[in-house]
Amino acid sequence: MSIPAVIAKPPDRPHNLRDYETTRATFSWEDAAVRLMRFPDGRINIATEALDRHADGERAQQRAIRFLDRNLRPRDFTYAQLRAAANRFANLLAGLEIRRGERVATLLGRIPELYMTAFGALKAGAVCLPLFSAFGPEPLHARLDISGARVLVTTDRLYKRKVAVIRERLPQLRYVLLVREDGGDLPANTLDLQTLLDRASEHFATTPMQGEELALLHFTSGTTGKPKGVMHVHAAVVAHEVTARFALDLQDDDIYWCTADPGWVTGTSYGIIAPLVCGVSMIVDEEEFDAERWYAILANENVSIWYTAPTAIRMLMKAGLDLVRKHSYPKLRFLASVGEPLNPEGVMFGMRAFDKPFHDNWWQTETGGIMIANYAAMDIRPGSMGKPIPGIEASIIRKRDDTVDELPPNEVGELALKPGWPSMFRGYLNDEARYKKCFVGGWYLTGDLARRDADGYFWFVGRADDVIKSSGHLISPFEVESSLMMHPAVAQAGVIGVPDPIMGEVVKAFVELKPGFEAGEALNKAIMATARKLLGVAVAPREIAFATELPRTRSGKIMRRLLKARELGLPEGDLSTLESGA
């Protein structure tokens, strides 16, 4: 199947966003906030919007989450049951004298305790700090230390493997609460979570919070230095609800599955909060990626909305179409992707596998929610990020000292957003100077290079520090990687610029092959020929290297900066998010 320039929107159905231009013209964040705020004095709490208003209403006995264990056995929680469990944890925190604004960290897999503790912390007015369970001891130490976390909820296995060795270096960490998996004696200086929950009441009056009070703390890594603590407030829930309805088209009768780990911002914003705010039923798979398992879940659980990542899509592509055709998916109506730009080939894989395209969208940890998206009722241009969410003003700019110039269509510049949306981050923890540098001339500068076409679609070019400058031209590594993946042997590709005395930089590609293909000179030439045909000689790679496995973050992004550092013998920087073994 060739890749068309445009995939026409499907026949009309009652999508949440049916007329993009009209909605943009009439939308206001103020109206959206009034619709959600549940306390008479205007105060708000994320947990009230996600749990209390449903548990007190018609959805009390509706399934909120179905957890699937390793054998695909389900365990269901209604909204009323999930609220009761969260209330027990909120009461537990009160018994431990955890005060409003103190940090409660979770180091857990996708198990029920993660969701009840996250909402319980928010109910109590504490700050929820999700941590990725695959982190090693040192990345965990950095995040727990920088955040000043007072409570950590984890499993006894993770504690013994990763936390016990750093516990003495965390004097601010007062309590470690364990989900028991191994049995046996309780490790010293820890508490049994279930024992404490059994003693706690399931009734708790959720703490009313000011919209600007801190609710969530996420960490993101830079190329150098320590991880940055990104601060989000309770008012962010307004954007969680709006973007889930507009960009993901969540509706009351949907069964929704977000495959992102809750240790990352996607897994929190759209894997914990947004779907429950929207009142849908959510699937949570406790196991990691397995193509056959995923197809079975989509079919057997009647998933209607599926939100996943480009890396997962590429892995499904690598597994071939035979697996997908073992099942049928009559309820599946909308596929979405986030985490890094989705190559056009990935968009079209959705058409081959499900007769529906994947809809890419763009946002960052700092934005807290989806900012630019391809919508259910809008034509898709494969490879494009789409158009801004109603309420979001985006532009392509060029920075000049303390001012910016907005660029015309099809010129490459930095993607910038006008501040003011509710989920915009309110700072980097303990680093106000770094936060202020993100804002110039009335714009938030994202650090991503992009262009906007004449019809208002935005196209990702690359991180500002990833873009390759060759003979005066700016070359998008994403564009080169997408073209390389058009060759049937290529599973994944990572592209960097390497110094050249004449051209400044030239393109070098690292390629991971699909099963059944062997690296060699003939295949190298064939892939190179495909790239030159699609890109032209000036943009195509000058060199292709085969890699058994490309370095990726645990959230699936190809680490171009690490490829470049290893190629040039440069310092590798912060590797805390590196996928183990890569």
Side-chain angles (χ1 to χ4, degrees), residues 47 50-52 55 64-70 73-100 102-131 133 135 137 140 144 147-168 170-207 262-263 272 284 286:
L51 293 184
D52 293 340
I65 305 179
R66 167 165 286 179
F67 294 92
L68 301 174
D69 69 10
R70 65 179 56 187
R73 291 174 302 201
R75 181 183 177 190
D76 292 347
F77 281 76
T78 65
Y79 277 95
Q81 290 169 332
L82 188 58
R83 195 258 297 267
N87 284 346
R88 288 185 183 276
F89 188 72
N91 279 313
L92 182 162
L93 293 178
L96 297 178
E97 299 183 346
I98 297 303
R99 298 188 299 273
R100 185 178 185 138
E102 291 189 315
R103 281 61 156 158
V104 175
T106 58
L107 179 67
L108 296 165
R110 291 180 289 267
I111 58 176
E113 288 81 0
L114 170 61
Y115 299 78
M116 66 179 68
T117 55
F119 283 120
L122 293 168
K123 277 177 160 284
V127 177
C128 181
L129 167 59
L131 297 170
S133 59
F135 276 144
L140 290 173
L144 291 167
S147 68
R150 306 291 273 176
V151 178
L152 172 65
V153 184
T154 187
T155 67
D156 47 14
R157 294 177 188 174
L158 289 171
Y159 179 78
K160 292 171 186 175
R161 288 167 43 208
K162 302 185 178 190
V163 181
V165 294
I166 59 174
R167 181 76 186 275
E168 292 184 358
L170 295 166
Q172 292 176 300
L173 185 60
R174 291 173 58 190
Y175 301 105
V176 175
L177 313 180
L178 298 185
V179 178
R180 306 305 304 278
E181 294 178 326
D182 286 341
D185 294 335
L186 195 67
N189 299 316
T190 66
L191 299 169
D192 185 312
L193 175 64
Q194 190 59 53
T195 298
L196 296 177
L197 289 174
D198 289 343
R199 297 172 183 167
S201 170
E202 63 180 35
H203 301 287
F204 184 87
T206 300
T207 306
I272 297 179
V284 174
E286 297 180 15

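Here the straight-line distance linking atom OH of Y159 with atom CG of D182 works out to 13.5 Å at 0.5 Å rounding. The line from CG of L114 to CD of E286 is 10.5 Å long, rounded to the nearest 0.5 Å. Between L140 atom CG and L107 atom CG the span is 5.5 Å, to the nearest 0.5 Å. Taking CZ of R83 as the start and CZ of F204 as the end, the distance is 12.0 Å to the nearest 0.5 Å. Atom-to-atom distance recorded for R161:CZ and S133:OG is 8.5 Å, nearest 0.5 angstrom.
Using a 4.5 Å cut-off on side-chain heavy atoms (C-beta onward), T190 and R167 make contact. Annotation: side chain of R150 is in contact with side chain of Q172 (closest heavy-atom distance under 4.5 Å). Counting heavy atoms from C-beta outward, V176 and T154 have side chains that approach closer than 4.5 Å. By the 4.5 Å heavy-atom criterion applied to side chains, F89 and L177 are counted as neighbours. Annotation: side chain of L96 is not in contact with side chain of R174 (no heavy-atom distance under 4.5 Å). Side-chain contact between L197 and M116 is present, with at least one heavy-atom pair separated by less than 4.5 Å. Here the side chains of F119 and I272 are in contact, with some heavy-atom distance below 4.5 Å. The shortest distance between side-chain heavy atoms of K123 and D52 falls below 4.5 Å.
Nearest heavy atoms, A80 versus A55: CA-CB, 4.0 Å. Heavy atoms only, all atoms of each residue included: P130 and P262 are closest at CB-O, 3.3 Å. Across all their heavy atoms, Y79 and A50 have their closest contact at CE2-O, 3.6 Å. Smallest separation of non-hydrogen atoms from I166 and P137: CD1-O, 3.5 Å. Nearest heavy-atom pair, E102 versus A126, reported as atom, atom and distance to 0.1 Å: O-CB, 3.3 Å.
In this structure Y115 satisfies the ring pair (Phe, Tyr, Trp, His ring centres under 6.0 Å) test together with F67, sequence neighbours excluded. Every side chain to side chain contact (heavy atoms under 4.5 Å, CB included) that P74 has, sequence neighbours left out, goes to R66, L68, D76.
Partner of T117 under the side-chain contact (heavy atoms from CB on, under 4.5 Å) criterion, chosen from L122, L92, L93, L108: L108.
Taking a 6.0 Å sphere around CG of D185, one finds it holds 12 or fewer heavy atoms contributed by other residues, nucleotides or ligands. Within 6.0 Å of CZ on R75 lie no more than 12 heavy atoms contributed by other residues, nucleotides or ligands.
Salt-bridge check for R180 with D192: passed, with a basic side-chain N closer than 4.0 Å to an acidic carboxylate O. We find that E202 and R88 are joined by a salt bridge, their nearest charged nitrogen and carboxylate oxygen being less than 4.0 Å apart.
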Legend entry - Residues L131, L144; criterion side-chain contact (heavy atoms from CB on, under 4.5 Å); working and verdict: CA-CA 9 Å; L131 297 170; L144 291 167; 3.8 Å; yes
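The backbone N or O of L178 lies less than 3.5 Å from no partner atom in the side chain of D156, so there is not a single donor-acceptor pair. With N91 contributing its side chain and H203 its backbone, the two residues share a donor-acceptor pair below 3.5 Å. In this structure a side-chain-to-backbone donor-acceptor pair under 3.5 Å is present from R103 to S147.
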